[in-house]
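These numbers were taken from a predicted model, which means no experiment stands behind them. Ligands are counted one by one from 1 in listed order, and the atoms in each one are counted from 1 as well. The basis for the numbers below is simple: all heavy atoms, side chains too, and nothing from hydrogens, waters or symmetry mates.
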Amino acid sequence: MTALWWVRRDARLADNPALLSAQEDGPAAAVFPWSERVHLWSGRRRAHLARALWSLREDTGGALGIRRGTPADAVLAVARESDARVVWAQAEHSPAGLAEQAAVEAALEADGRELRLIGSPYAVAPGRVAKADGTEYRVYTPFSKAWREHGWRAPAPDAAPEAFRPVESDVDLDQRAAHADAEDPIDPRPEFREARIHDALADFIGGDLDRYKDERDRPDLDTTSRLSIPLAFGQLHPRTILAATGPLRSDAARRFESELAWREFHADVLFRHPSALRESLNPVIPDDAWVTGDDADLAFREWRDGRTGFPLVDAGMRQLAQTGWMHNRVRMVVASFLVKDLHVPWQRGASHFRRALLDYDHAQNQLNWQWVAGTGRDAAPYFRVFNPDGQADRFDPERRYVERWVPEVDTPAYPERMVDHKVEREVALADFQRGKGSG
Ligand SMILES: Cc1cc2nc3c(=O)[nH]c(=O)nc-3n(C[C@H](O)[C@H](O)[C@H](O)COP(=O)(O)OP(=O)(O)OC[C@H]3O[C@@H](n4cnc5c(N)ncnc54)[C@H](O)[C@@H]3O)c2cc1C
């Protein structure tokens, strides 16, 4: 009997329990629904998705079907064509993912078929790590301790590339993969073949990981793993990474794992508080503190285009525009600058990141923005305001990062500073005091 694998954020053959389950009784059919929702993505992210799917289709001997339509329509149509009574998929826990799987389940059930969910994009599924009384951890550090204590399974064995039944596509992936980002070129293109991603993981673990603990905050050295993109598209599972770092006895390995724990923490927070996608979890700033109208539009544009006159901020925004990725330390600095120096709400910056980042992930983006803004669950105190010059001195001491992205930094062509950081910092702190007073 054929089973169908509904491909979601798990475009991979390695360590994939949903796919293995679908192949249990023989070759599986496989479909990725190319829904309208994908058209809401930025062109660059859609292009990368097309490449990731192109790679997966190659790895399935051309059998993967890419079908236009909602997940409910596409999955039902292919389940009927391939006579699959059972559809296997990876569970999602975000608001959109939950709604999508409920719709697929209802469509299949009405047709006498069944959706079975297994696994998640996390080492420990959101909602599982909880205090003894069943309530959530509100703060990252105890969460991460409990997360480690909970532990995770070993990676699942690789799926068989030949055990697929061909499904027809009605989306011309080759065209999309080749051209979809022609108007928004990214340099360099991130790796998109699954085997190469595993090579990159092995290279990182055998190389830069040693220096991770000391260098992870240095955008000039650029020695972090860059695995956020394959993680966001599900071409790599965090369990696979943790299985590789687990046996290592170094502090660097533990530190690296603790960054993956942030990813799991944010997914857990969003699962428990779906409104965090748009609303501050901890609204510390009075509504009238934000700049509005034309002033806000102008401030936002200068920030977006890397023309603030603050070299580290501008370097980060230009790196983002040109590559679809930005170093984590600089993400924190630019986000703090938008919210606390320009007084623009975090939601607007988060929307820009949604369009610009290749590793965009609802939970990671929105909750990191909330963390920097001081409105999150595990709030960095609102009164922590990043000083863009101090951060540059500390983390880009020879100005190599700034000079790479802002080559005109020392010439008259470089813009004047938009604001006085000292003054705006005081404004932000006064707003916070007011908010505290009224709250
Ligand atoms: C304002 C802001 C927005 C962000 N938006 C996103 C986003 O949309 N998608 C995204 O994946 N990350 C986001 N991050 C987190 C972080 O910046 C990236 O995960 C990291 O820079 C990716 O590079 P890397 O893979 O080389 O990281 P490494 O340092 O090599 O870390 C390994 C992995 O750990 C995880 N990780 C590291 N730092 C964080 C963190 N602070 N929060 C959650 N997970 C983390 C990522 O999965 C990352 O791939 C954001 C951070 C900030 C401050």
Does the distance from a Lys or Arg side-chain N to an Asp or Glu carboxylate O, for Arg226 and Asp222, drop under 4.0 Å?
yes
Are any of the side-chain nitrogens in Arg255 or Glu259 under 4.0 Å away from the carboxylate oxygens of its partner?
yes
Quick one: which ligand 1 atoms are inside 4.0 Å of a heavy atom on Arg226?
24 (P), 25 (O), 26 (O)
Selection from Val339, Asp361, Asp222, Val372 by shortest heavy-atom distance to atom 8 (O) of ligand 1:
Asp361
For Trp325, the atoms of ligand 1 under 4.0 Å from one of its heavy atoms are 22 (C), 23 (O), 26 (O)
Mind checking the CG-CG spacing from Leu13 to Leu56? Nearest 0.5 Å is all I need.
6.0 Å
Does Arg348 make a cation-pi contact with Phe300 (under 6.0 Å, within 45 degrees of the axis)?
yes
Using distance alone, decide if ligand 1 has a nitrogen or oxygen within less than 3.5 Å of any nitrogen or oxygen in Trp369.
no
For ligand 1, which atoms, with element, lie under 4.0 Å from some heavy atom of Leu227?
25 (O), 49 (O)
Quick one: does Arg216 get an N or O within less than 3.5 Å of an N or O on ligand 1?
no
Measure the distances from the heavy atoms of Tyr212 to every atom of ligand 1 and state whether one is below 4.0 angstrom.
yes
Any Lys/Arg nitrogen of Arg193 or Asp199 sitting under 4.0 Å from an Asp/Glu carboxylate oxygen of the other?
no
Just which atoms of ligand 1 are under 4.0 Å from any heavy atom in Ser228?
11 (O), 22 (C), 23 (O), 25 (O), 49 (O)
So, regarding His327 and ligand 1 (criterion: nitrogen or oxygen to nitrogen or oxygen, under 3.5 Å), is there a contact or not?
no
Using a strict cut-off of less than 4.0 Å between a Lys/Arg side-chain nitrogen and an Asp/Glu carboxylate oxygen, indicate whether Asp208 and Arg211 qualify as a salt bridge.
yes
Protein contact to atom 30 (O) of ligand 1 [nearest heavy atom, distance to 0.1 Å]
Ser225 OG, 2.6 Å
Who's closest to atom 21 (O) of ligand 1 heavy-atom-wise, of Asn328, Leu231, Thr224?
Asn328
Near Arg263, which atoms of ligand 1 are under 4.0 Å from a heavy atom of that residue?
43 (C), 44 (N), 47 (O)
For Met332, atoms of ligand 1 separated by under 4.0 Å from a heavy atom
53 (C)
Give the residue and atom name of whichever protein heavy atom lies nearest to atom 43 (C) of ligand 1, and the separation in Å to one decimal.
Gln364 OE1, 3.1 Å
Knowing that exactly one of Phe310, Trp346, Trp303 qualifies, which makes a ring pair (Phe, Tyr, Trp, His ring centres under 6.0 Å) with Phe337?
Phe310
Please compare Leu260, Leu358, Asn365 and report which has the shortest non-hydrogen distance to atom 3 (C) of ligand 1.
Asn365
For the residue pair Arg263 and Phe265, would you count it as a cation-pi contact if the rule is NZ or CZ under 6.0 angstrom from the ring centre and within 45 degrees of the ring axis?
no
Side-chain ion pair, Asp396 and Arg400, N-O less than 4.0 Å:
no
In terms of atom number and element, which parts of ligand 1 are under 4.0 angstrom from non-hydrogen atoms of His266?
42 (N), 43 (C)
Any Lys/Arg nitrogen of Arg318 or Glu408 sitting under 4.0 Å from an Asp/Glu carboxylate oxygen of the other?
yes
What are the two closest heavy atoms between Arg394 and Arg218, and how far apart are they?
O-CD, 4.4 Å
Name the closest protein heavy atom to atom 40 (C) of ligand 1, giving the residue it belongs to and the distance to 0.1 Å.
Asn368 ND2, 3.7 Å
Does Phe204 reach ligand 1, in the sense of a heavy atom lying below 4.0 Å from it?
no
Of the protein's non-hydrogen atoms, which lies at the shortest distance from atom 13 (C) of ligand 1, and what is that distance?
Arg331 NH1, 3.3 Å
Per-residue contact class, Ile229 against ligand 1 - non-hydrogen pairs under 4.0 Å:
neither
Rounded to the nearest 0.5 angstrom, the CH2-CZ distance for Trp152 and Arg239 is 11.5 Å
Can you tell me how the ring of Trp262 sits relative to the ring of His266, calling it parallel under 30°, perpendicular over 60° and tilted otherwise?
tilted
Sub-4.0 Å atoms of ligand 1 with respect to non-hydrogen atoms of Phe256:
30 (O), 31 (O), 32 (C)
Per atom 34 (O) of ligand 1, closest listed option by heavy atom (Glu257, Glu259, Met326):
Glu259
Give me the residue, atom name and distance of the protein heavy atom closest to atom 9 (N) of ligand 1.
Asp359 O, 2.8 Å
What I want to find out is whether Asp251 reaches Arg254 closely enough, with some N-O distance under 4.0 Å, to be called a salt bridge.
no
